[in-house]
Amino acid sequence: MSWRDNLIKIEPYVAGEQPNKTDFIKLNANENPYPPAPEVLDVISKFNGGALKKYPDADAKPLASAIAERVGLTRENVFVGNGSDDVLALCFRAFFNSDKPVIYPDITYSFYPVWCDMLRIPFETIPVDESFNINAADYKRPNGGVVIANPNAPTSIARGLDFIREILDANQDSVVIVDEAYVDFGGESAVPLLSEYENLVVTQTFSKSRSMAGMRIGCAFGNKEIISALYAAKDSYNSYPMDMVAIEAGVASVKNEEYFRATLAKVIATRDRLTKELRAMGFELPDSCANFVFAEHKDYRAKDICEYLKMRDIYVRYFSKPRIDNRLRITVGTDEEIDALIAALKDYIK
Ligand code: PMP
């Protein structure tokens, strides 16, 4: 026996590469290319650093209240955490305590199996179809919980509320998590269904549509009992996950609806132009409802394209995983960044 036998044995989640240089085009982590709302920058530059001597509000109440007001819920229906990864990990801990497997699609956010492994939650993946569609009928089986990313990642495909309803109707004895990290870019939020389904949890993030990936703010919506369980899980792990600056800056972001809408419109317009350009070059990709596209070229290997783009200082994401190992996940950047990407691809694809 050695102490090494007691170390965690886990294959961790691998995030998009963060190259150690500045002059490159980063389209590999689904970040927003535009800055956060100007009021967020104001909060940060004017923050009274002396205040840091005290602990922050343990439940980030000002931020939870601002988010609740914006989506038409009360603060008791909102949990705020340190990025939606933190919120989702706490959801897995708080809601998935059955001996039956948690179920989710085989092609989805690759952090789900990592949390299951770390928290020792049994799970089963359910294959999406050839076109990457999730079939609601496949989720009518005994389970200890359901997780659906909508829009799904990395496929970029969104499904409507009829689909979410079908899953909820078939799974009234499990908690159903709908991960809406990308919903603002074209999905339909399941938040309105919260009044009908007490086992529904919806998670969202400030990392994508609010351009605040560097600050780490995520949230969950659910009924009071669900949200209390999340606070209990948080208070059994880290009482103060949200720092004071994040709480204030998050409120400032939520208050500027106009900037939020305008930024989304820019990303969506660039995404739709990118989609057309890629199809004209012979790429196949589903219509994206997110801030990234998921493209394949039948005549070129995705891995080779990815390596070539890297040589041109353009970073996109490639997953060497079954079923998706000829696909590129390309984040929507600014128009200039996407022009550079298209020019590089045109040099490569003759
Ligand atoms: N869910 C999905 C589907 C994602 O792609 C991501 C981003 N990697 C997250 C959740 C977590 O994002 P964050 O922790 O930045 O909120």
Side-chain angles (χ1 to χ4, degrees), residues 64-65 67-81 84 86-105 108-109 111-112 115-116 119 121-126 128 133-153 157-184 186-205 218-234 289-290:
S65 298
I67 295 171
E69 192 188 332
R70 178 174 179 273
V71 296
L73 297 171
T74 66
R75 185 162 63 76
E76 291 164 327
N77 302 119
V78 180
F79 176 82
V80 184
S84 63
D86 179 46
V87 174
L88 283 161
L90 285 169
C91 285
F92 277 45
R93 182 65 191 84
F95 310 137
F96 297 158
N97 293 294
S98 164
D99 294 333
K100 291 185 209 145
V102 166
I103 54 175
Y104 51 80
T108 192
Y109 187 29
F111 224 135
Y112 304 155
W115 290 316
C116 285
L119 299 166
I121 298 168
F123 68 95
E124 269 172 23
T125 58
I126 301 183
V128 296
N133 285 310
I134 304 169
N135 184 356
D138 295 341
Y139 291 76
K140 297 175 185 173
R141 58 161 93 179
N143 64 71
V146 181
V147 192
I148 301 287
N150 192 40
N152 195 13
I157 299 170
R159 300 297 301 273
L161 291 190
D162 287 352
F163 162 84
I164 299 292
R165 258 181 206 287
E166 196 179 336
I167 293 208
L168 285 161
D169 286 335
N171 289 288
Q172 308 210 9
D173 293 330
S174 309
V175 171
V176 175
I177 299 177
V178 181
D179 174 353
E180 295 188 349
Y182 301 100
V183 73
D184 298 319
E188 195 178 357
S189 176
V191 165
L193 301 185
L194 287 169
S195 56
E196 289 171 61
Y197 297 93
E198 56 181 13
N199 56 326
L200 168 64
V201 183
V202 177
T203 61
Q204 293 185 359
T205 178
C219 55
F221 305 114
N223 80 46
K224 220 172 128 178
E225 213 178 324
I226 290 266
I227 295 301
S228 300
L230 270 182
Y231 280 108
K234 170 192 76 91
C289 289

Measure the [atom1]-[atom2] distance between [X] and [Y] for me, rounded to the nearest 0.5 Å.
X      : Y      : atom1 : atom2 : value
Ser195 : Leu73  : OG    : CG    : 9.0 Å
Phe79  : Leu90  : CZ    : CG    : 5.0 Å
Ile177 : Leu200 : CD1   : CG    : 10.0 Å
Ile103 : Lys140 : CD1   : NZ    : 11.5 Å
Tyr182 : Cys289 : OH    : SG    : 13.5 Å
Ile167 : Arg159 : CD1   : CZ    : 8.0 Å

Listed by chain and number, what are the side-chain contact (heavy atoms from CB on, under 4.5 Å) partners of [X], not counting sequence neighbours?
X      : value
Asn199 : Leu168, Val176, Tyr197
Thr125 : Tyr104, Asp106, Phe123
Ala89  : Trp115
Glu76  : Thr74, Lys224

Nearest heavy atoms of [X] and [Y], plus distance in Å:
X      : Y      : result
Ala190 : Leu161 : CA-CD2, 3.8 Å
Ala149 : Thr108 : CB-OG1, 3.8 Å
Val147 : Pro105 : O-CD, 3.6 Å
Ala181 : Thr205 : O-CG2, 3.6 Å
Val191 : Gln204 : CG2-NE2, 4.2 Å
Asp138 : Arg141 : O-NE, 3.4 Å

Any donor-acceptor N/O pair, Asp86 side chain to Gly81 backbone, under 3.5 Å:
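Pair absent, no side-chain N/O of Asp86 close to backbone of Gly81.
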Would you please name every residue forming a side-chain hydrogen bond (donor to acceptor under 3.5 Å, both in side chains) with Asn171, sequence neighbours left out?
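Residues passing side-chain hydrogen bond (donor to acceptor under 3.5 Å, both in side chains) with Asn171: Asn143.
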List in chain and number order the residues that pass side-chain hydrogen bond (donor to acceptor under 3.5 Å, both in side chains) with Asn150, two or more places apart in sequence or in another chain; answer none if no residue qualifies.
none
Any side-chain heavy-atom pair of [X] and [Y] under 4.5 Å:
X      : Y      : result
Tyr139 : Ile148 : yes
Ile157 : Pro151 : no
Ser174 : Lys100 : no
Phe163 : Glu166 : no
Phe95  : Val201 : yes

Phe111/Leu88 under side-chain contact (heavy atoms from CB on, under 4.5 Å): CA gap, chis, key distance, verdict
CA-CA 9 Å; Phe111 224 135; Leu88 283 161; over 6 Å; no
Out of Val178, Ile226, Val202, which residue meets the side chain to side chain contact (heavy atoms under 4.5 Å, CB included) rule with Phe221?
Val202
Can you tell me if Glu196 has over 12 outside heavy atoms packed within less than 6.0 Å of its CD?
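Atom CD in Glu196 is packed in, count exceeds 12.
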Please check if atom CG in Asp173 has more than 12 non-hydrogen atoms from other residues, nucleotides or ligands closer than 6.0 Å.
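Open.
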